[in-house]
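Here the structure comes first, spelled out in structure tokens, and everything after it is commentary.
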Number of protein chains: 2
Amino acid sequence: MGVTDSTGQDIAQALGLLLRRSTRARLYVRLTEGLGEAVDDLTYPVLSGLARAGPRSAADLGREIGLDRTTVTRRADRLEQAGLLERRPDPADGRATLLALTDDGHAVVAATRRRLTDAVDASLAGWPPADARNFARLLRRFVDEGPFADGEG
Amino acid sequence: MGVTDSTGQDIAQALGLLLRRSTRARLYVRLTEGLGEAVDDLTYPVLSGLARAGPRSAADLGREIGLDRTTVTRRADRLEQAGLLERRPDPADGRATLLALTDDGHAVVAATRRRLTDAVDASLAGWPPADARNFARLLRRFVDEGPFADGEG
DNA sequence: GGCGAAGCGTGTGCCGGGCACGCTAATCTG
DNA sequence: CAGATTAGCGTGCCCGGCACACGCTTCGCC
């Protein structure tokens with residue numbers, strides 16, 4: 001990895017830039033804009049996590065998405081009030097309360113995902129299809145094996 | 001973008017995963033670990049921004065990195081106390097105060113960047129060099145043209 | 001059937017972030 | 001050249017999110 005091989009450095013730089021911009025541009029804020037008062041960059045991870053993992057208890061979901069149990073509870077309160085999420089008693093465990101998306105909740109997640117996909121599509125518009133496919137493949141591999149791959153989520 | 005072309009969707013998915021994990025794994029926290037009490041995931045962007053843009057006023061830097069002017073000031077206070085940053089009166093403008101990295105500050109930024117590069121190198125260890133180079137090129141292009149490219153930073 | 005463990009919700013304290021104020025200096029105007 | 005307007009800075013203040021601690025209920029084991 002001498003001067004002749006700056007690949008790692010290049011990627012690190014681009015990665016830093018990516019992470020910086022995605023927060024600076026408030027990506028999450030924009031993606032969730034206009035989807036109702038309750039859904040914003042803070043509450044969306046709860047919705048998204050439930051969409052991914054299915055009905056879960058607050059504690060489980062917290063472990064899943066890296067938040068404190070109580071924080072999940074508070075955010076779920078807001079989402080429940082907005083009708084995007086509902087609480088059901090766990091049939092298998094009387095103390096547990098399952099958080100589950102309502103149809104509206106699923107719709108919000110779908111809309112947000114579509115927005116992101118559209119944005120990606122737009123920025124890939126001028127790319128040769130082969131490059132785009134290659135990028136998708138390599139990015140996927142990097143994310144799976146990458147410096148963050150200590151968890152499943 | 002029918003069923004036959006899921007490329008955009010694939011990238012969006014991987015991108016979401018990447019952003020999620022980088023916060024969930026507290027990437028920034030780890031990268032700045034052990035570099036002194038004052039430097040953490042909150043104060044590092046100030047350091048990094050100064051390293052990129054050179055000596056700047058708090059207001060300018062705030063616009064640069066997407067933070068409120070006063071927030072930059074508070075964080076700069078901590079960094080100044082730790083000797084990583086210094087305040088100089090702007091010779092060209094008597095009301096302005098320039099924030100500038102000290103040698104120690106530059107060293108901290110260099111160390112953090114090296115850590116990230118090392119992590120990337122490690123996860124690229126098993127890759128064919130051609131793939132790695134391709135990935136670097138494509139990622140760079142995507143970041144430059146991507147859905148976030150509304151700013152320079 | 002009783003007892004420790006696990007889960008949930010909520011009250012409380014703490015910390016980060018943005019707004020508003022007062023001040024100083026630069027720039028514009030007549 | 002003097003007054004007025006504008007731009008910049010630091011700090012006091014308030015709001016909101018987060019984690020810890022408590023009390024309660026329920027499960028699992030003995």
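All values reported here derive from a predicted model rather than from experimental measurement.
- Proximity of B:T70 to the phosphate of C:dC19: no side-chain N or O atom is located under 4.0 Å from OP1 or OP2.
- For B:R69, taking side-chain heavy atoms from C-beta onward, the closest of the listed nucleotides C:dC8, C:dC21, D:dC27 is C:dC21.
- Here the nucleotide nearest the side chain of B:T71, chosen from C:dT10, C:dG17, D:dA19, is C:dG17.
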| field | Candidate pair B:T117 and B:D121, rule side-chain contact (heavy atoms from CB on, under 4.5 Å), full reasoning | value | CA-CA 6 Å; B:T117 300; B:D121 277 335; 3.8 Å; yes
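- Rounded to an integer number of Å, the gap from CZ of B:R87 to C1' of D:dT11 is 12 Å.
- Remark: the B:D104 side chain and the B:T102 side chain contain no N/O donor-acceptor pair separated by less than 3.5 Å.
- Of the side-chain N and O atoms in B:T73, none sit less than 4.0 angstrom from OP1 or OP2 of D:dT11.
- With distances taken from any side-chain atom of A:A58 to the nucleotides C:dG9, C:dG18, D:dT11, the minimum falls on C:dG9.
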| task | Decide yes or no on side-chain contact (heavy atoms from CB on, under 4.5 Å) for B:Y28 and B:D40, but give the supporting numbers first. | result | CA-CA 8 Å; B:Y28 250 52; B:D40 57 14; over 6 Å; no
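- Taking atom CZ of residue A:R78 and atom C1' of nucleotide D:dG17, one finds them 9 Å apart after rounding to whole Å.
- Taking atom CZ of residue A:R75 and atom P of nucleotide D:dA19, one finds them 8 Å apart after rounding to whole Å.
- We find the CZ-CD distance between A:R140 and A:E145 to be 11.5 Å, quoted to the nearest 0.5 Å.
- The CG-C1' distance, from A:L67 to D:dA19, rounds to 12 Å in whole Å.
- Checking A:A92 against B:L99, the closest nucleotide of DNA chain D that is more toward the 5' end is the one next to B:L99.
- When each of A:L42 and A:G94 is assigned the nucleotide of DNA chain D with its nearest heavy atom, A:L42 is the one assigned upstream, toward the 5' end.
- A donor and an acceptor atom never sit less than 3.5 Å apart when one is taken from the side chain of B:R95 and the other from the base of C:dA26.
- Counting all heavy atoms, side chain and backbone alike, A:V143 lies closest to B:R21 at O-NH1, 3.1 Å.
- When rounded to the nearest whole Å, the span between CG of A:D77 and P of D:dG16 equals 16 Å.
- As rounded to whole Å, 13 Å separates atom C1' of D:dA7 from atom CG of B:D90.
- Taking atom CG of residue B:D40 and atom P of nucleotide C:dG17, one finds them 9 Å apart after rounding to whole Å.
- Of the residues near DNA chain C, A:L98 and A:R74, the one whose nearest nucleotide (by heavy atom distance) lies more toward the 5' end is A:L98.
- Between B:D68 atom CG and D:dT11 atom P there is a gap of 15 Å when expressed in whole angstrom units.
- Comparing D:dC9, C:dG7, C:dG9 by their closest approach to the side chain of A:T97 singles out C:dG9.
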